2 protein chains.
Amino acid sequence: MVNQQKDTETKILDAAKDVFQQKGMTGARMQEIADKAGINKALLHYYYRTKEKLFEKVFNIAFSIFIPKMQEIMLSEKPVFEKIEFFIDNYMDLLTKHPYIPGFVINELNRNPQILVNIFEKNIQIKENKLFEKFDAQIQAEVQKGIIKPIDTRNLMTNVIGLIVFPVVARPIIQGIMFDNDKKQYDAFLKQRKDFVKEFIINSIKV
Amino acid sequence: MVNQQKDTETKILDAAKDVFQQKGMTGARMQEIADKAGINKALLHYYYRTKEKLFEKVFNIAFSIFIPKMQEIMLSEKPVFEKIEFFIDNYMDLLTKHPYIPGFVINELNRNPQILVNIFEKNIQIKENKLFEKFDAQIQAEVQKGIIKPIDTRNLMTNVIGLIVFPVVARPIIQGIMFDNDKKQYDAFLKQRKDFVKEFIINSIKV
DNA sequence: ATACAGTTTAACCATTTGGTCAAAATTAGG
DNA sequence: CCTAATTTTGACCAAATGGTTAAACTGTAT
């Protein structure tokens with residue numbers, strides 16, 4: 001029955017996503033995934049032959065969630081300031097929905113950087129798009145026009161992404177040290193950071 | 001022989017540090033640590049009773065490496081701009097020496113946030129010092145004096161630390177996407193970032 | 001009804017893994 | 001030297017873990 005199949009596969013992926021993202025590849029247990037999906041452990045291996053294959057699927061899905069929007073925004077026709085503001089808005093919202101993905105991706109990539117190569121092979125689009133080159137050209141053009149200060153594009157991108165991602169990835173430590181481990185307070189902190197980060201970046205690069 | 005003992009303990013801790021920081025608590029294997037230390041696995045349990053205890057030791061040492069300098073700088077008598085520049089210089093240097101620690105700490109803290117509580121209990125100094133309150137007072141005083149723009153201290157601290165730590169933690173992905181996986185180029189990138197980040201932050205908050 | 005393909009399960013298996021233990025080796029002290 | 005304490009090791013163990021298999025179940029088409 002094709003409907004039941006789809007349903008089982010989805011249940012597995014949902015459960016796998018939870019467990020892998022919380023415990024990582026090495027900490028995840030196939031039994032726990034099966035339990036959380038409400039199925040027999042053998043069924044996991046029926047749909048995804050090995051732990052590695054299941055992990056790969058979960059990782060690719062997680063990784064993909066953050067790519068399309070980035071391409072859309074960076075390749076749009078907006079001026080740089082608008083792009084940055086749009087980027088911050090969209091990604092902070094996305095992070096609210098998927099707060100575990102960045103830590104998960106970063107951690108697994110540190111464990112095995114090779115994963116990235118596989119992703120590039122399967123999704124040439126990312127590299128082939130010349131995403132960086134086009135954005136860089138726009139930045140330098142606006143520098144030339146005197147709209148923004150001279151700046152290295154890679155440094156700017158690292159800053160924008162870092163200021164967005166870091167407080168989510170390092171949440172336990174920042175929340176623990178600066179917010180007395182108050183979850184609600186930290187959620188509010190993340191929310192107000194949207195405008196703060198926008199201003200912080202624009203302030204720094206505007207002429 | 002008390003000297004041999006010290007030596008064995010050091011060899012164990014060195015090996016454990018390498019393995020734990022690269023593979024994490026769940027990915028590390030006691031056998032691998034023993035091999036790397038050049039000793040029998042049973043000897044690990046002779047010195048540190050369990051994997052958990054050994055991990056705890058390694059984690060605490062790693063965590064401690066980044067604390068003293070932070071306290072020293074933040075509680076010093078310099079004006080804010082100088083503190084920030086000093087902070088960036090010192091921590092980027094520290095990160096060059098210990099590039100794996102932040103990812104390790106962040107990852108393990110995501111796995112088990114409880115670890116922080118234990119650290120606070122054993123090292124009350126960190127919380128008791130009113131480190132944050134004092135720094136906040138200085139910031140707001142300089143805001144009042146018109147030296148820096150009005151700014152929330154927690155946001156500022158998050159930015160400073162994030163801009164320093166993020167490119168190290170997310171190295172595999174940034175290096176892979178923006179630097180064609182060229183290690184040397186990325187090392188150069190990190191080096192030149194020191195001054196870039198300083199300028200970026202000062203630019204943004206100066207009146 | 002029957003046969004057939006796809007799905008699900010319980011029971012198993014081999015290996016890995018953290019941990020133990022008793023004996024051997026080494027060291028320190030009288 | 002000899003003895004007692006400390007350190008180190010090889011052999012071993014029980015539990016956990018990823019993975020397999022054969023049988024049972026389910027829905028469907030003939």
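Each chain gets a letter, A, B and so on, in the order its sequence line appears, and its residues count up from 1. It should be emphasised that the depicted structure is a prediction, and the values quoted were computed from it without experimental measurement.
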Ignoring the backbone of [X], work out which of [options] is nearest its side chain.
{"X": "A/Arg29", "options": "D/dT17, D/dG19, D/dT21", "value": "D/dT17"}
{"X": "A/Lys51", "options": "C/dT8, D/dG19, C/dG19", "value": "D/dG19"}
{"X": "B/Leu43", "options": "D/dT9, C/dT9, C/dT20", "value": "D/dT9"}
{"X": "A/Tyr46", "options": "C/dG19, D/dG19, C/dG6", "value": "C/dG6"}
{"X": "A/Thr50", "options": "D/dG19, C/dT9, C/dG18", "value": "D/dG19"}
{"X": "A/Met30", "options": "D/dG19, C/dT20, C/dG19", "value": "D/dG19"}
{"X": "B/Ala42", "options": "D/dG18, D/dT8, C/dC21", "value": "C/dC21"}

Could you check how far [atom1] of [X] sits from [atom2] of [N], rounded to whole Å?
{"X": "B/Ile12", "N": "D/dT9", "atom1": "CD1", "atom2": "P", "answer": "10 Å"}
{"X": "B/Gln31", "N": "D/dG10", "atom1": "CD", "atom2": "C1'", "answer": "12 Å"}
{"X": "A/Phe55", "N": "D/dG18", "atom1": "CZ", "atom2": "P", "answer": "14 Å"}
{"X": "B/Asp35", "N": "D/dT9", "atom1": "CG", "atom2": "C1'", "answer": "14 Å"}
{"X": "A/Leu44", "N": "C/dA10", "atom1": "CG", "atom2": "C1'", "answer": "15 Å"}
{"X": "A/Glu52", "N": "D/dG19", "atom1": "CD", "atom2": "C1'", "answer": "14 Å"}
{"X": "B/Ile39", "N": "D/dG10", "atom1": "CD1", "atom2": "C1'", "answer": "14 Å"}
{"X": "B/Lys11", "N": "D/dT8", "atom1": "NZ", "atom2": "C1'", "answer": "11 Å"}

Let me know, please, whether B/Lys41 or A/Arg49 comes out on the 5' side of the other along DNA chain D by nearest nucleotide.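 Counting from the 5' end, the first nearest nucleotide belongs to B/Lys41.
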
Given B/Asp180 and B/Gln185, is the side chain to side chain donor-acceptor pair (under 3.5 Å) satisfied, shown in steps? CA-CA 9 Å; B/Asp180 259 317; B/Gln185 220 187 312; over 6 Å; no

Can you say whether the rings of A/Phe104 and A/Phe55 are parallel (under 30°), tilted (30 to 60°) or perpendicular (over 60°)?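 Plane angle over 60°, so perpendicular.
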
How are the rings of A/Tyr186 and A/Phe179 set to each other: parallel, tilted or perpendicular (split at 30° and 60°)?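 Ring orientation, 0 to 90° scale: perpendicular.
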
For C/dT8, does either OP1 or OP2 sit under 4.0 Å from a side-chain N or O belonging to A/Thr8?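 So the side chain of A/Thr8 is within the cut-off, an N or O lying under 4.0 Å from OP1 or OP2 of C/dT8.
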
Looking at A/Asn40, I'd like to know whether one of its side-chain N or O atoms comes within less than 4.0 Å of OP1 or OP2 on C/dT8.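 For C/dT8, neither OP1 nor OP2 has a side-chain N or O of A/Asn40 closer than 4.0 Å.
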
Quick check: does any side chain N or O of A/Ser64 sit under 3.5 Å from a backbone N or O of A/Asn60, one acting as donor and the other as acceptor?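 Indeed, once roles are kept as given, a pair shorter than 3.5 Å links the two residues.
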
Measure from the ring center of A/Phe166 to the ring center of B/Phe166 and say whether it is less than 6.0 Å.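 No.
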
Quick one: label A/Ala28 by what it contacts on the DNA or RNA (base, sugar-phosphate, nothing), any heavy atom closer than 4.0 Å.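 Counting heavy atoms under 4.0 Å across all strands, the contact made by A/Ala28 is with sugar-phosphate only.
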
